[in-house]
J.: 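Quick one: this structure, given as structure tokens, is what I'll be asking you about.
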Protein chains: 2
Amino acid sequence: MPLSQTEENYLKAVYKIAESDQGSVSTNAIAKMMSTSAASVTDMIKRLSEKGYVDYVKYYGVELTTLGKTAATILIRKHRLWETFLVSQLDFSWEEVHDIAEQLEHIQSKELIERLDKYLGFPKFDPHGDPIPNTEGKFTLRNQTILADMAIGEQGQVIAVKIHDTPFLQHLNQIGIQINTPLRIVSKQDYDQSTTVLVEDSEILLSHKVASQILLKKTS
Amino acid sequence: MPLSQTEENYLKAVYKIAESDQGSVSTNAIAKMMSTSAASVTDMIKRLSEKGYVDYVKYYGVELTTLGKTAATILIRKHRLWETFLVSQLDFSWEEVHDIAEQLEHIQSKELIERLDKYLGFPKFDPHGDPIPNTEGKFTLRNQTILADMAIGEQGQVIAVKIHDTPFLQHLNQIGIQINTPLRIVSKQDYDQSTTVLVEDSEILLSHKVASQILLKKTS
DNA sequence: TAATATTTTTAGATTAGCCTAAAAATATCT
DNA sequence: AGATATTTTTAGGCTAATCTAAAAATATTA
Ligand SMILES: [Mn+2]
Ligand SMILES: [Mn+2]
Ligand SMILES: [Mn+2]
Ligand SMILES: [Mn+2]
């Protein structure tokens with residue numbers, strides 16, 4: 001019996017939460033991420049536990065089993081390959097593709113995703129700079145620094161953004177930041193943790209909120 | 001409120017049944033096409049009627065409203081565009097794509113389908129020779145004759161097949177018939193209504209079952 | 001440690017979509 | 001026409017996924 005779309009979405013949420021906050025994942029965190037009630041989460045987690053996708057200890061939390069991790073990784077692979085397709089083939093821009101990929105990621109066909117991967121030239125990263133796991137579920141790792149953590153004078157190139165919602169990406173479009181944009185840290189304001197960066201001869205002020213979502217490869 | 005996948009599938013079924021057997025569509029016919037119970041059909045048809053997608057008269061039958069026809073046509077457009085994508089871009093063969101397109105047709109994004117259409121060069125027919133409705137819902141019409149109805153000596157070129165299940169299409173692959181195959185009617189056997197056709201110097205015997213599913217453009 | 005606050009689970013209800021079995025309506029046949 | 005067969009609807013029930021409200025467990029704070 002294949003997983004329902006809903007079950008898949010829960011697994012992905014658990015995966016994503018575990019990725020940032022390590023350790024076991026709380027019911028409430030899942031509820032927040034999925035915009036649903038904690039009661040619904042408890043319900044679904046029980047079912048996923050029955051089916052062997054998560055380890056679940058009442059009042060303690062949830063962890064993905066190997067089976068669950070595999071399922072989540074396949075879903076992420078599909079999501080990121082579809083996003084890549086939408087941008088590289090259909091000329092969507094990076095702020096338009098996430099919601100469509102949320103639907104496409106649930107299409108069930110191993111053959112389809114392998115052919116799509118080949119068609120796209122086995123891309124390693126998606127339009128937001130996120131690594132695309134390969135058929136075996138392996139992610140390409142690379143050194144990356146959060147812009148907000150860089151020191152004055154350091155240079156780098158944007159390689160990824162941590163969030164993918166449309167307003168944030170539109171904001172980056174507006175101030176002229178995209179994947180591969182080279183920049184240098186000009187100054188950092190202690191008062192509000194904002195950062196001024198130099199991008200192509202123009203200085204841009206980035207709030208901490210924004211600067212902490214941008215990942216760079218240092219080039220200095 | 002958008003239609004659910006299930007509701008979309010019912011509308012498509014009604015559309016397809018009305019296309020062949022004209023007049024209003026019976027509950028039983030829908031049940032057979034959807035492999036579900038007549039009781040479930042009655043249930044769903046009531047709901048679609050509430051929502052204005054079908055006209056429904058108890059014990060008499062179902063007809064699509066303009067709204068319902070539009071929805072069904074969009075679904076068919078999506079199905080056929082995706083099938084075209086799978087064959088022309090991802091090198092699937094015609095017998096592999098129907099089931100995947102059954103899933104892809106439910107992706108909700110007007111922009112996506114318009115871009116896909118453009119990407120594919122605004123194709124007029126899908127891999128099975130079925131016409132793809134354009135953005136306005138218009139189908140390209142053309143003269144076509146059922147192979148089984150052609151007379152001895154007549155020639156033609158295969159332009160479409162009426163059914164799309166894998167075993168039938170694999171059978172056609174095996175005997176060397178595909179879209180655009182030119183052929184001539186050599187003889188017709190009264191006893192079992194079978195037809196012998198000439199395809200590239202070799203004679204092929206087609207049962208009535210097969211010959212009545214193949215559409216040709218006459219070239220003689 | 002005891003009181004209070006937060007998190008999590010349970011209980012009970014709702015909706016979509018499906019089922020089987022029985023009842024009602026319509027169609028067919030003698 | 002009357003009997004029989006078929007089709008369609010109704011009735012009642014099931015599961016997945018959701019919700020709100022209440023209860024239980026855990027965490028925090030005085
Ligand atoms: Mn999803
Ligand atoms: Mn992405
Ligand atoms: Mn479908
Ligand atoms: Mn087709």
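Only this structure's heavy atoms are used, side chains among them; waters, hydrogens and symmetry mates stay out. Each chain gets a letter, A, B and so on, in the order the sequences are listed, and its residues count up from 1.
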J.: In terms of the nearest nucleotide of DNA chain D, which residue is placed more toward the 5' end: G61(B) or T6(A)?
T.: G61(B)

J.: K46(B) NZ to dC18(C) C1': how many Å, rounded?
T.: 15 Å

J.: Would you indicate whether the side-chain heavy atoms of T140(B) and N134(B) approach each other to under 4.5 Å?
T.: no

J.: On DNA chain C, check which nucleotide each of M44(B) and A39(B) is closest to and give me the residue with the more 5' one.
T.: M44(B)

J.: Pick the closest DNA chain D nucleotide for S4(A) and for Y59(A) by heavy atoms, then say which residue is nearer the 5' end.
T.: S4(A)

J.: Under 4.0 Å, counting only non-hydrogen atoms across every strand here, what does Y10(B) touch: a base, just sugar-phosphate, or nothing?
T.: sugar-phosphate

J.: What is the distance, rounded to the nearest whole Å, between atom CG of D43(A) and atom C1' of dG12(C)?
T.: 12 Å

J.: Could you tell me whether S40(B) contacts a base, only the sugar-phosphate backbone, or nothing, with contacts defined as non-hydrogen atoms closer than 4.0 Å?
T.: base

J.: Tell me which residues in residues 13-38 of chain A lie within less than 4.0 Å of DNA chain D, going by non-hydrogen atoms.
T.: T36(A), S37(A)

J.: Please state whether the rings of W94(A) and H128(A) are parallel, tilted or perpendicular, taking 30° and 60° as the class boundaries.
T.: parallel

J.: Got a donor-acceptor contact below 3.5 angstrom from the R80(B) side chain to the P133(B) backbone?
T.: no

J.: Does either side chain, that of H79(B) or that of D130(B), offer a donor lying less than 3.5 Å from an acceptor on the other one?
T.: no

J.: So where does chain A start and stop touching DNA chain D, 5' to 3', when the test is distance under 4.0 Å to a non-hydrogen atom?
T.: dA16(D) to dT26(D)

J.: CD of Q189(A) to NE2 of H208(A): how many Å apart, nearest 0.5 Å?
T.: 13.0 Å

J.: Within the side chain of H98(A), is there an N or O that forms a donor-acceptor pair under 3.5 Å with the backbone of D165(A)?
T.: no

J.: What's T42(B) touching, base or sugar-phosphate or nothing? Going by heavy atoms closer than 4.0 Å.
T.: base

J.: Does R47(B) have any side chain to side chain contact (heavy atoms under 4.5 Å, CB included) partners at least two apart in sequence or in another chain, and if so, which?
T.: D43(B), M44(B)

J.: Looking at H106(B), Q108(B), Q103(B), which hits side-chain contact (heavy atoms from CB on, under 4.5 Å) with Q5(B)?
T.: H106(B)

J.: Using 0.5 Å steps for rounding, measure from the CD1 atom of I177(B) to the NE2 atom of H171(B).
T.: 8.0 Å

